[in-house]
Amino acid sequence: MEKELLRISDLTTQFKTDQGVFPAVSELSLTVGRREIVCVVGESGSGKTVASLSVMQLIPSFASITSGEICFEGSDLLKQNKKKINEIRGGKIAMIFQDPMVALDPVFTCGSQIVEAILMHDRQPRKQAREKALDLLQRVGIAHPERVFDSYPHELSGGMCQRIMIAMALSCNPKLLIADEPTTALDVTVQAQILELLKQLRDEMDMSILLITHDLGVVAEVADRVAVMYAGKVMEEGDVRSVFKNPQHPYTQGLLRSIPHLDRKDGKLYSISGSVPSIASMPSGCRFHPRCPLANDLCRQQEPGLITSGAGTNVRCWKAEEQSKEGTVG
Ligand SMILES: Nc1ncnc2c1ncn2[C@@H]1O[C@H](COP(=O)(O)OP(=O)(O)OP(=O)(O)O)[C@@H](O)[C@H]1O
Ligand SMILES: [Mg+2]
């Protein structure tokens, strides 16, 4: 069996805006292996959601995928017809969207929504679907499935709603689960429980997970591999240990420095100055250069490619490229 489940290569997704047409995701390459948890991390506006919606081909009508391949189980999703994509979406690939309160319909009970999700892809008597829904609720750690089945979303806590969303996503036994910020709205204890649940489900259900987050704490908790995105591009990518231990890109280094540490003596919290540029005003050269403490003229003028660094990560940075040529790292 092939080790790779999903391989995104050179994906570019553009948005038509009042000011013109601009890419929100550029030349994105990313692979997800079987049973692997890959995290995409980056600040708000870096293109994480657009990238994940592109995989599902759920981008708005004024957006378009202009280049690239999205190979899933060996065939390019971008070359499939609508019917086939519909089968795969919510079949072999399931998605948990960024906002569970929007994704769950307030006028139907949670149970009936899971039942509908089951019936959409697998015709069966309603009674059987109900049994399956109750089983899924139990699987996602809900102690009283019968009670929760008959509840409306507003009657449940945020953590419970997130579990319902996960149960709905699992209803089709997906091979790949794409989860966009599944724990952002939750408090840290519930977040830890949901992350633990995702890891457990990966093992039990033989599933891969592409997890989108802006939180490096989440990455450290669950990821096998991580891709750091900035302004629509992958800046650094590698196995989670290498990236955390020996980050090569100044952006990754900045993100890691921004994690609060109790033992910081001065009590100050580091933050990267400035913000992610809008898609209509990308800087020249390296997109990160206006915020980079190490930027020089080359960084301002030319965009670096993604190269393999001596530290075992793939990195898009002139400085890291220089260092890897010199044989020094970090
Ligand atoms: N519907 C849209 N129309 C125009 N531009 C958009 C639209 N959706 C997203 N963008 C732009 O595309 C870029 C990437 O947005 P995206 O939502 O993917 O970011 P994100 O990394 O998911 O951020 P967040 O962490 O806030 O969810 C941003 O600059 C955003 O302004
Ligand atoms: Mg997003």
Side-chain angles (χ1 to χ4, degrees), residues 6 8 10-30 32 38-68 70 93-103 158 162 165 169 177-186 191 194-195 198 209-219 221-223 226-237 249 251-252 254-256 258-259 271-272 274-284 286-291 303 316:
L6 177 76
I8 305 174
D10 272 328
L11 178 76
T12 297
T13 303
Q14 296 188 333
F15 275 102
K16 211 186 269 175
T17 71
D18 294 343
Q19 295 130 287
V21 180
F22 306 103
V25 167
S26 303
E27 299 156 32
L28 178 87
S29 295
L30 190 75
V32 182
V38 176
C39 280
V40 176
V41 67
E43 289 165 286
S44 188
S46 51
K48 305 180 300 291
T49 296
V50 174
S52 56
L53 292 177
S54 299
V55 174
M56 296 291 268
Q57 294 178 46
L58 287 173
I59 49 174
S61 57
F62 52 90
S64 58
I65 297 174
T66 53
S67 69
I70 302 175
I93 307 180
M95 183 153 179
I96 301 173
F97 295 94
Q98 196 158 355
D99 187 350
M101 284 319 205
V102 172
Q162 198 53 273
M165 293 294 300
L177 177 67
I178 302 178
D180 192 355
E181 307 266 8
T183 59
T184 301
L186 307 174
Q191 168 170 308
I194 297 284
L195 293 177
L198 288 176
I209 302 178
L210 180 62
L211 187 99
I212 315 283
T213 179
H214 63 265
D215 185 343
L216 278 166
V218 169
V219 179
E221 199 67 41
V222 296
V226 55
V228 180
M229 256 186 109
Y230 183 76
K233 292 215 164 183
V234 170
M235 291 293 168
E236 184 156 14
E237 181 256 326
H249 200 289
Y251 182 54
T252 319
L255 288 178
L256 284 165
S258 317
I259 300 177
S271 70
I272 308 171
S275 55
V276 181
S278 88
I279 55 173
S281 54
M282 281 300 159
S284 60
C286 170
R287 293 167 177 218
F288 185 59
H289 90 251
R291 303 174 72 190
E303 183 159 33
R316 190 186 291 283

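First listed ligand is number 1; within each ligand, the first listed atom is number 1. Keep in mind that the numbers below use all heavy atoms, side chains included, and drop hydrogens, waters and symmetry copies. Along the sequence shown, residues carry numbers from 1.
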Per-atom contacts of ligand 1 with [X], taking only distances under 4.0 Å to non-hydrogen atoms:
X: T49; value: 17 (O), 18 (O), 20 (P), 22 (O), 27 (O)
X: E181; value: 25 (O)
X: E43; value: 21 (O)

Checklist line | Any donor-acceptor N/O pair, T12 side chain to E27 backbone, under 3.5 Å | finding: yes
Next item on the list: Return yes if some donor-acceptor pair links the side-chain N/O of E303 with the main-chain N/O of R287 below 3.5 Å, else return no.
Entry: no
Margin query: Closer than 4.0 Å and a protein heavy atom, does any atom meet both conditions relative to atom 30 (C) of ligand 1?
Written below: no
Where is the nearest protein heavy atom to [atom]: which residue, which atom, and how far?
atom: atom 1 (N) of ligand 1; answer: F62 CZ, 3.4 Å
atom: atom 27 (O) of ligand 1; answer: Q98 NE2, 2.9 Å
atom: atom 28 (C) of ligand 1; answer: G45 O, 3.6 Å
atom: atom 2 (C) of ligand 1; answer: F15 CE2, 3.5 Å
atom: atom 12 (O) of ligand 1; answer: A24 CB, 3.5 Å

Polar contacts were defined as any N/O atom of the residue lying under 3.5 Å from an N/O atom of the ligand; does this apply to [X] and ligand 1?
X: T17; value: no
X: S44; value: yes
X: V50; value: yes
X: G47; value: yes

Margin query: Side chain, backbone, both or neither: which applies to K48 and ligand 1 if a contact is any heavy-atom pair less than 4.0 Å apart?
Written below: both
Margin query: Under 2.8 Å from the Mg ion (ligand 2), can any N, O or S atom of T49 be found?
Written below: yes
Notebook entry, point to check: Is there a donor in the side chain of D180 and an acceptor in the side chain of T49, or the other way round, less than 3.5 Å apart?
Noted result: yes
Between [atom1] on residue [X] and [atom2] on residue [Y], distance to nearest 0.5 Å:
X: L256; Y: H249; atom1: CG; atom2: NE2; value: 13.0 Å
X: I178; Y: L6; atom1: CD1; atom2: CG; value: 7.0 Å
X: I93; Y: I70; atom1: CD1; atom2: CD1; value: 8.5 Å
X: M235; Y: S46; atom1: CE; atom2: OG; value: 10.0 Å

Note to self: Is the ring pair F288/Y230 parallel, tilted or perpendicular, if the boundaries are 30 and 60 degrees?
What the structure shows: perpendicular
Check: Taking the side chain as C-beta and beyond, is there a heavy-atom pair between L177 and L198 under 4.5 Å?
Finding: yes
Note to self: Under the criterion side-chain contact (heavy atoms from CB on, under 4.5 Å), I'd like the reasoning laid out for V218 against E181: C-alpha separation, chi angles, the key distance, then a yes or no.
What the structure shows: CA-CA 10 Å; V218 169; E181 307 266 8; over 6 Å; no
